[in-house]
Amino acid sequence: MCSFLAANQLITNLAFVNFFLQPRGPDVTTHVRLHGFDFVHNLLHMTGERRPQPFVSSDGRIVALFNGEIYNWRRLSEEAQSRGLPAFQSDGEAILPTYAMAGESFPLALHGEFAIAIFDFESRKAVFAMDAFGTKPLWYALSGGKLAVASYKSGLLRLGFLSKDIHMVGPNRVLTISLETFSIVKQTAVFEFDLRQFKTSTEDFIHAFNEAVQLRTQDLEQTGRPLFIGLSSGFDSGAIHASLHQNSVRHHAFALLAEEMPQMLHDRAMFAKSTSEVSVVLMNDWDFEQEREWLSERAEPFNYLGRNLTGQINVLDDYAAIGLSYIVRLSRDRGALCYLSGTGADEILSDYGFEGEKWCPQSSFGGLFPENLSTIFPWGEFFLSTQRDYLHKEEHVAGAHGVEGRYPFLDTRVVQEYLWLAPEVKNREYKSPLHDAFVGWGYPFERRKKTGFAARANLVSDDYSILWRYNTHPPVPCGPHVAPNTISLCTDMGQGLACEVKCSDDQPPSTDTLRCGHRGLWVGHIECGGNSSATLWPKNGPAPPPGGGTGLGR
């Protein structure tokens with residue numbers, strides 16, 4: 001979870017322009033001026049070496065900014081090494097070499113969740129690319145010879161662009177803009193799905209889903225960074241919870257006890273007791289209102305496009321967003337920086353219905369898949385509608401806390417495996433492949449039951465919210481970390497050691513995102529002394545990082 005902004009104008013009021021963008025990347029902000037453009041990047045360091053963006057080619061003629069994750073970067077690194085290039089140290093370093101090889105079709109080689117902006121000053125064009133479902137937000141503005149691109153619309157509004165000149169880069173799109181005429185010259189799709197329906201077993205889907213979950217956790221496992229999920233008694237979060245357990249991935253799970261079935265949550269906690277710490281929360285009115293107020297001040301505003309069951313029209317009006325924000329806050333306190341979300345499953349696996357019955361207003365065909373898939377594809381919420389809306393809800397809420405969202409149900413291989421299922425297999429059960437996985441794994445679930453996230457239901461009027469923990473992860477000793485001018489403290493709180501790190505001169509840190517994760521490793525970043533705010537690199541000052549592989553992964 002990072003954010004970026006680029007514009008062919010001097011950004012002198014960075015703190016104002018960067019207000020909503022900066023929390024997505026709380027570790028460090030970089031501000032660079034190259035070829036008449038200002039490039040701003042806010043970093044949340046998750047994988048690979050910690051290096052600043054933008055990425056700059058060896059000749060300085062191509063510049064790239066990146067937000068997201070590229071999961072096949074190690075394979076791409078091996079291919080680059082076979083061509084005599086140096087090994088990549090992080091996933092983002094795959095972007096410029098892949099662009100050099102494939103041009104504007106480079107996203108086809110990237111397996112991941114990403115929003116990428118490339119400025120090719122040699123060819124005088126800008127290329128903005130999204131993954132198949134637009135999991136990471138990306139906006140651009142064109143007006144009177146001015147061009148800008150940003151992770152959030154607010155950054156462009158605060159640069160002075162009018163709302164009518166600001167547009168979203170849509171899902172599954174590569175957009176090419178001329179740097180001579182400042183006009184759009186081409187739009188192409190990133191990924192084409194095969195609409196044949198021929199598979200009669202859900203085994204390949206289950207395998208692909210397990211692999212998608214594993215891909216989204218492997219870097220975190222190697223670095224010891226914890227992750228979390230929001231757990232309910234429904235299908236989608238349950239599938240991720242069960243898959244993490246199948247993959248033996250230790251994680252945190254948080255459940256708001258709203259319309260959830262307590263017994264189901266208990267049974268699921270017991271099922272995964274060796275891998276999952278489950279926190280069940282009964283939220284009080286005061287905490288809910290405090291979270292609503294905090295979110296209204298810190299989260300990027302976003303109006304919904306699609307109709308939904310609640311009738312709520314924007315992120316800040318959505319009670320589920322407030323509940324999610326509270327869960328993310330709790331997870332941050334446990335050291336977790338990554339969130340595995342079930343977003344996308346309702347839109348693709350069920351169309352918010354079953355056997356032709358539409359359970360929600362946004363349903364297109366009641367979940368009854370036809371013999372000829374091309375007659376309905378792509379249905380309204382496959383790419384847009386609530387698919388777009390709820391992705392932005394997750395991104396804007398998690399981003400306000402500096403936490404990264406990842407989406408295994410929107411892995412293109414998972415989606416393709418589902419589309420390949422024969423209609424009689426899709427229609428046999430509600431979310432048929434998840435039903436089969438639960439039966440095979442012995443995972444607790446309620447057949448043909450959709451459970452929504454009603455965050456405001458069952459709020460209590462007590463003075464405090466109540467939290468129960470199942471399978472509490474054992475306390476861990478303070479692990480090694482590299483943080484100059486700091487001291488680490490381990491305090492025996494009676495229930496094990498508690499980790500703390502602070503500046504050695506007892507002054508408040510200029511940057512502090514450091515937490516102790518459940519493996520005893522330090523997660524995040526802390527800077528003591530000096531000023532960590534962004535600086536503009538002038539011509540006669542420090543140069544941007546040299547080399548085509550420079551940069552950080554988000």
* To do: Could you go through the side-chain hydrogen bond (donor to acceptor under 3.5 Å, both in side chains) check for E394 and S341 one step at a time?
  => CA-CA 8 Å; E394 306 269 315; S341 167; 2.9 Å; yes
* Asked: Under the criterion salt bridge (Lys or Arg N to Asp or Glu O under 4.0 Å), which of E69, E113, E404 is the partner of R216?
  -> E113
* **Residues that F365 engages under ring-ring contact (aromatic ring centres under 6.0 Å, His included), provided they are two or more places apart** => F369, W379
* To do: Decide yes or no on side chain to side chain contact (heavy atoms under 4.5 Å, CB included) for F55 and Y99, but give the supporting numbers first.
  => CA-CA 12 Å; F55 302 92; Y99 174 74; over 6 Å; no
* Taking only Lys NZ, Arg NE, NH1 and NH2, and the carboxylate oxygens of Asp or Glu, determine whether K153 and E300 approach each other closer than 4.0 Å. => no
* Minimum heavy-atom distance between Y152 and G399, given as atom pair plus value -> OH-CA, 4.3 Å
* Judged by atom type as modelled, is there a donor-acceptor pair below 3.5 Å linking the side chain of S350 to the main-chain atoms of D346? -> yes
* Is a side-chain donor or acceptor of N314 paired with a backbone partner of N303 at a separation under 3.5 angstrom? -> no
* Asked: E291: what forms a side chain to side chain donor-acceptor pair (under 3.5 Å) with it, not counting sequence neighbours?
  -> S325, R329
* To do: Would you mind reporting whether F205 and V425 have side-chain heavy atoms less than 4.5 Å apart?
  => no
* Report the residues that fulfil side-chain contact (heavy atoms from CB on, under 4.5 Å) with M101, sequence neighbours left out, ordered by chain and then residue number. => R83
* To do: Please check if the side chain of D38 supplies one atom and the backbone of I11 the other of a donor-acceptor pair under 3.5 Å.
  => yes
* Go through H245 and T275 one step at a time and tell me if the side-chain hydrogen bond (donor to acceptor under 3.5 Å, both in side chains) criterion holds. => CA-CA 6 Å; H245 181 71; T275 57; 2.9 Å; yes
* Determine whether more than 12 heavy atoms belonging to other residues, nucleotides or ligands lie under 6.0 Å from atom CD of Q81. => yes
